[in-house]
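Okay, structure first, notes after.
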Amino acid sequence: MRAAFDSFGRLDRRERRAVAADEALRGLQRAAGALPSLLAYGSGRSYGDSCHNDAGALVEMRTKNAILHFDPASGILEAEAGASLHEILVHTAPYGYFLPVTPGTRFVTLGGAIANDVHGKNHHARGTFGCHVESFRLLRSDGVIRDCSAGENPDLFAATIGGMGLTGLMLSARLRLMRVGSLDIDERITPFSSLDAYFDLAGEADAQNEYAVAWVDQLAVANRGVLITGNHAANGNFRTGGPAARLGVPFDLPFSLLNRLSLKLFNNAYFHAKKRKDAPHRSGYGAFFYPLDGIGDWNRLYGPAGLHQHQSVIPFEAARVTIPAMLDASRRAGHASFLTVLKRFGAVPSPGLLSFPRPGYTLTMDFPNRGATTRALLETLDRMTVAAGGRVNPYKDGRMSASTFRAGFPDWHRLESIRDTAFCSDFWRRTALAGPAGDGVPKETMRTP
Ligand SMILES: Cc1cc2nc3c(=O)[nH]c(=O)nc-3n(C[C@H](O)[C@H](O)[C@H](O)COP(=O)(O)OP(=O)(O)OC[C@H]3O[C@@H](n4cnc5c(N)ncnc54)[C@H](O)[C@@H]3O)c2cc1C
């Protein structure tokens with residue numbers, strides 16, 4: 001099957017309709033009305049259907065990737081929205097700069113990073129990606145390009161950051177980069193033997209370090225793991241290297257290689273390898289920030305049925321009870337998570353209307369898709385998240401219910417009221433627009449998709 005414009009979870013592979021960026025731009029600028037419902041598509045590194053629009057067409061934004069301007073004195077970069085984070089790094093690292101916030105892959109686009117208001121291992125220190133966006137240019141279906149910033153069109157600025165592409169097409173953006181001592185990281189690994197031990201360490205680790213994240217052995221009943229902390233080294237280098245993966249999964253596997261046994265072996269080996277490195281040491285920035293970028297198409301390891309990622313954020317007051325219970329629920333369901341990551345979100349407010357991060361702990365688990373049993377587990381995890389006052393990440397999701405989404409994001413109807421009705425996604429139809437109208441939502445804010 002030729003599947004194009006997949007999302008990273010590869011859950012629903014099919015041929016998708018897409019229009020070239022220039023065609024969409026011309027159509028929108030003429031306010032022609034002849035275009036189908038649209039949605040920007042960056043690099044498709046979202047996991048589910050928030051980057052899909054099967055009832056309409058995707059707009060291929062990756063081709064619009066020019067770096068327009070960089071001022072080494074202020075660290076402000078202006079680029080087209082399809083530029084990847086890697087391309088931005090290559091351009092700016094030689095001047096002593098790094099991304100102030102980076103997700104775990106550098107293959108995402110500037111537009112995608114803003115539209116999902118992504119977070120990194122330093123949320124406690126720098127907040128989300130959107131906190132560092134000075135402004136962007138947004139084309140809406142009335143044909144007008146609007147400059148948006150905290151001072152100009154502030155409502156559109158807030159709705160577009162974390163707005164999942166629903167407010168129009170971002171053409172370009174200005175981003176404030178962070179001056180660093182080098183790209184290299186002085187890293188420290190602290191093993192822990194239980195989640196309580198991790199929770200005892202996490203606050204102080206955030207206070208002392210730019211970056212902090214924990215890997216958890218989800219298969220071990222005691223929830224052992226390692227806390228990985230780091231800071232930019234003062235005397236390292238600024239070489240960005242090539243983005244090419246050193247290893248790759250060259251073809252679609254007929255079944256998932258990731259089963260309970262292989263994961264048990266992997267987790268054991270990983271835990272002990274990391275534990276041995278508990279003395280402070282130097283790590284290259286690629287290994288520290290983007291370890292999975294080194295293995296091309298690693299999502300193919302999950303086989304033809306794809307993978308589900310479940311990312312939740314649980315408020316501090318509930319985390320010590322709810323997070324161990326979620327890991328326990330996954331084990332009891334017989335599901336092994338390939339990668340289980342725990343991170344403390346800080347209190348830096350997101351500028352976005354519907355951004356995912358909020359203060360608390362965020363738990364991320366990757367499950368091979370085994371159909372109904374996996375979905376049943378994910379629904380259990382959803383219920384536990386909502387009961388704890390938390391929320392489930394929309395851009396990692398391809399199946400949460402309308403009520404789970406609405407419970408986590410009670411302001412969803414404010415985004416709906418400013419959404420450009422010429423833009424929609426499968427995710428939005430499935431959640432915001434599919435739930436019962438009424439639901440405390442003012443009638444006039446309900447629109448037709
Ligand atoms: C290995 C891996 C690690 C990851 N780690 C993290 C992490 O640590 N933290 C985190 O937050 N996320 C993480 N992610 C998720 C990823 O960072 C986000 O999903 C990101 O937003 C994807 O960007 P993209 O360019 O691929 O956009 P796509 O997935 O193609 O699209 C994402 C959204 O952006 C919108 N969009 C894209 N371009 C534009 C535009 N020009 N104008 C308007 N809207 C636009 C789309 O409509 C869609 O709603 C990870 C993903 C992977 C695969």
Side-chain angles (χ1 to χ4, degrees), residues 5-10 16 18 21 24-25 28 38-53 56 58-65 79-87 99 101-123 128-130 136-140 148 156 159-173 211 213 245 289-299 307 309 311 313 338-339 341 343 345 350 354-357 362 364 366 393-397 415 419-420 423-428:
F5 303 101
D6 275 345
S7 62
F8 199 73
R10 304 170 97 232
R16 295 196 152 87
L25 258 57
L28 288 168
L38 295 174
L39 185 74
Y41 181 91
S43 289
R45 253 63 186 184
S46 302
Y47 279 70
D49 56 359
S50 68
C51 62
H52 285 157
N53 181 24
L58 298 171
V59 184
E60 227 177 314
M61 292 306 291
R62 180 73 182 100
T63 52
K64 296 282 169 195
N65 64 345
E80 288 184 326
S84 72
L85 297 189
H86 178 73
E87 287 158 353
L99 299 158
V101 169
T102 181
T105 171
R106 62 194 134 170
F107 297 139
V108 309
T109 62
L110 177 59
I114 298 173
N116 282 341
D117 199 15
V118 299
H119 54 272
K121 296 177 171 74
N122 59 352
H123 183 271
T128 60
F129 196 87
F136 49 77
R137 307 189 75 213
L138 185 74
L139 173 59
R140 305 253 295 173
C148 302
L156 269 178
T160 302
I161 296 175
M164 296 184 282
L166 299 167
T167 58
L169 273 191
M170 249 179 292
L171 304 181
S172 63
Y211 303 107
V213 69
F289 292 107
Y290 314 116
L292 291 167
D293 284 354
I295 310 169
D297 293 325
W298 62 268
N299 47 351
L307 78 141
Q309 184 169 100
Q311 183 176 16
V313 55
F338 172 55
L339 199 58
V341 175
K343 158 93 200 112
F345 280 156
S350 303
L354 233 64
S355 300
F356 166 68
T362 179
T364 308
D366 284 0
N393 189 338
Y395 58 89
K396 305 287 183 76
D397 175 77
L415 175 57
R419 176 172 68 91
D420 187 320
F423 288 78
C424 203
S425 67
D426 292 350
F427 174 86
W428 200 249

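Sequential numbering from 1 along the given sequence is applied to the chain's residues. In each ligand, atom 1 is the first atom listed, and ligand 1 is the first ligand listed.
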Open item on the list: For ligand 1, which is the ligand I care about here, please tell me if Met170 has any N or O atom under 3.5 Å from one of the ligand's N or O atoms.
Closed with: yes

Open item on the list: For Leu171, is there any backbone N or O sitting under 3.5 Å from a side-chain donor or acceptor partner on Lys64?
Closed with: no

TODO: Please check if the side chain of Arg137 supplies one atom and the backbone of Ala173 the other of a donor-acceptor pair under 3.5 Å.
DONE: no

Task: Which of the ligand 1 atoms, numbered from 1, are nearer than 4.0 Å to a heavy atom of Ser50 - done: 48 (C), 49 (O)

Task: Residue and atom name of the nearest protein heavy atom (relative to atom 11 (O) of ligand 1), distance in Å to one decimal - done: Tyr395 OH, 2.6 Å

TODO: Starting from atom 49 (O) of ligand 1, locate the nearest protein heavy atom and write down its residue, its atom name and how far away it is, to 0.1 Å.
DONE: Met164 O, 2.9 Å

Open item on the list: Quick check against the 3.5 Å criterion: does Asn116 have a side-chain atom that pairs as donor or acceptor with the backbone of Val118?
Closed with: no

Open item on the list: Taking distance alone, with N or O pairs closer than 3.5 Å, would you say Ser43 contacts ligand 1?
Closed with: yes

TODO: For ligand 1, note which part of Tyr47 has a heavy atom under 4.0 Å away: side chain, backbone, both or neither.
DONE: side chain

Task: Proximity to ligand 1 by part of Val108, non-hydrogen separation under 4.0 Å - done: both

Task: Test item: Ser7 side-chain N/O and Tyr47 main-chain N/O as donor-acceptor pair under 3.5 Å - done: yes

Open item on the list: Show the atoms of ligand 1 that are less than 4.0 angstrom away from any heavy atom in Met61.
Closed with: 41 (N)

- [ ] Considering only non-hydrogen protein atoms, determine which one is nearest to atom 1 (C) of ligand 1 and report residue, atom name and distance to 0.1 Å.
- [x] Trp298 CZ2, 3.9 Å

Open item on the list: Tell me if a side-chain donor or acceptor on Ser425 pairs with a main-chain N or O of Trp428 at a distance below 3.5 Å.
Closed with: yes

Open item on the list: What protein heavy atom lies closest to atom 4 (C) of ligand 1? Include the residue and the distance to one decimal.
Closed with: Gly104 N, 3.8 Å

Task: Worked check of side-chain contact (heavy atoms from CB on, under 4.5 Å) between Leu354 and Ile161 - done: CA-CA 8 Å; Leu354 233 64; Ile161 296 175; over 6 Å; no

Task: Ring centers of Phe427, Tyr395 separated by less than 6.0 Å - done: no

Task: Close N or O approach (Leu292, ligand 1; < 3.5 Å) - done: no

- [ ] Output the distance between atom OG1 (Thr109) and atom CG (Leu85), rounded to the nearest 0.5 Å.
- [x] 7.5 Å

Open item on the list: Using a 4.0 Å cutoff against the non-hydrogen atoms of Ala115, which atoms of ligand 1 qualify?
Closed with: 34 (O), 35 (C), 36 (N), 44 (N), 45 (C)

- [ ] First locate atom SG of Cys148, then atom CE of Met170, and finally report the distance between them rounded to the nearest 0.5 Å.
- [x] 9.0 Å

Open item on the list: Looking at Thr362 and Lys343, would you say the former's side chain and the latter's main chain have a donor-acceptor pair under 3.5 Å?
Closed with: no

Task: Closest protein heavy atom to atom 26 (O) of ligand 1, given as residue, atom name and distance to 0.1 Å - done: Arg45 N, 2.8 Å

- [ ] Output the list of atoms in ligand 1 that are nearer than 4.0 Å to some heavy atom of Asn116, sorted by atom number.
- [x] 18 (C), 19 (O), 20 (C), 21 (O), 32 (C), 33 (C)

Open item on the list: Tell me the contacting part of Lys64 for ligand 1: side chain, backbone, both, or neither, using a 4.0 Å heavy-atom threshold, strictly below.
Closed with: neither

TODO: For the pair Asn299 (side chain) and Phe8 (backbone), establish whether a donor and an acceptor sit closer than 3.5 Å, ignoring hydrogens and angles.
DONE: yes

Open item on the list: Can you tell me how the ring of His119 sits relative to the ring of Phe345, calling it parallel under 30°, perpendicular over 60° and tilted otherwise?
Closed with: perpendicular

- [ ] Report the member of Cys424, Ala173, Ser46, Gly165 with the shortest heavy-atom distance to atom 19 (O) of ligand 1.
- [x] Ser46

Task: N or O pair under 3.5 Å between Tyr41 and ligand 1 - done: no

TODO: Give yes or no for whether the N/O distance cutoff of 3.5 Å, strictly under, is met between Cys51 and ligand 1.
DONE: no

Open item on the list: So for Lys396, does at least one of its heavy atoms come nearer than 4.0 angstrom to any atom of ligand 1?
Closed with: yes

Task: Phe8 N/O to ligand 1 N/O under 3.5 Å - done: no

Open item on the list: For Val59, run the side chain to side chain contact (heavy atoms under 4.5 Å, CB included) check against Leu28, Leu38, Asn53, Leu39 and tell me which one passes.
Closed with: Leu38

- [ ] List every atom of ligand 1 that sits less than 4.0 Å from any heavy atom of Gly168, numbering the atoms from 1 in the order shown and giving each element.
- [x] 43 (C)

TODO: Return yes or no for this condition: an N or O of Pro103 is under 3.5 Å from an N or O of ligand 1.
DONE: no

- [ ] Output the distance between atom CG (Leu138) and atom CG (Asp420), rounded to the nearest 0.5 Å.
- [x] 8.0 Å

Open item on the list: Is it the case that the side chain of Arg62 and the backbone of Gly82 share a donor-acceptor pair, with hydrogens and angles ignored and the cut-off at 3.5 Å?
Closed with: yes

TODO: Run the numbers for me: atoms of ligand 1, each under 4.0 Å from some heavy atom of Gly112, listed by number.
DONE: 21 (O), 23 (O), 25 (O), 27 (O), 34 (O), 37 (C), 38 (N)

- [ ] Heavy-atom contacts with Ala81 under 4.0 Å: which atoms of ligand 1 show up? List them by number with element.
- [x] 41 (N)

- [ ] Answer yes or no: does an N/O atom from Ala40 fall short of 3.5 Å to an N/O atom of ligand 1?
- [x] yes

- [ ] Please indicate whether any nitrogen or oxygen in Thr102 is less than 3.5 Å from any nitrogen or oxygen in ligand 1.
- [x] no

Open item on the list: I'd like to know if the side chain of Asp293 reaches the main chain of Thr105, judged simply by a donor and an acceptor atom lying under 3.5 Å from each other, with no hydrogens or angles considered.
Closed with: no

Task: Heavy atom of Gly44, distance to ligand 1 below 4.0 Å - done: yes

TODO: Looking only at protein heavy atoms, identify the closest one to atom 2 (C) of ligand 1 and say how far it is in Å.
DONE: Thr105 CG2, 3.5 Å

- [ ] Please report which non-hydrogen protein atom sits nearest to atom 9 (N) of ligand 1, along with the residue it belongs to and the distance in Å to one decimal place.
- [x] His119 O, 2.8 Å

Task: For Glu60, side-chain contact (heavy atoms from CB on, under 4.5 Å) partners two or more places apart - done: Phe5

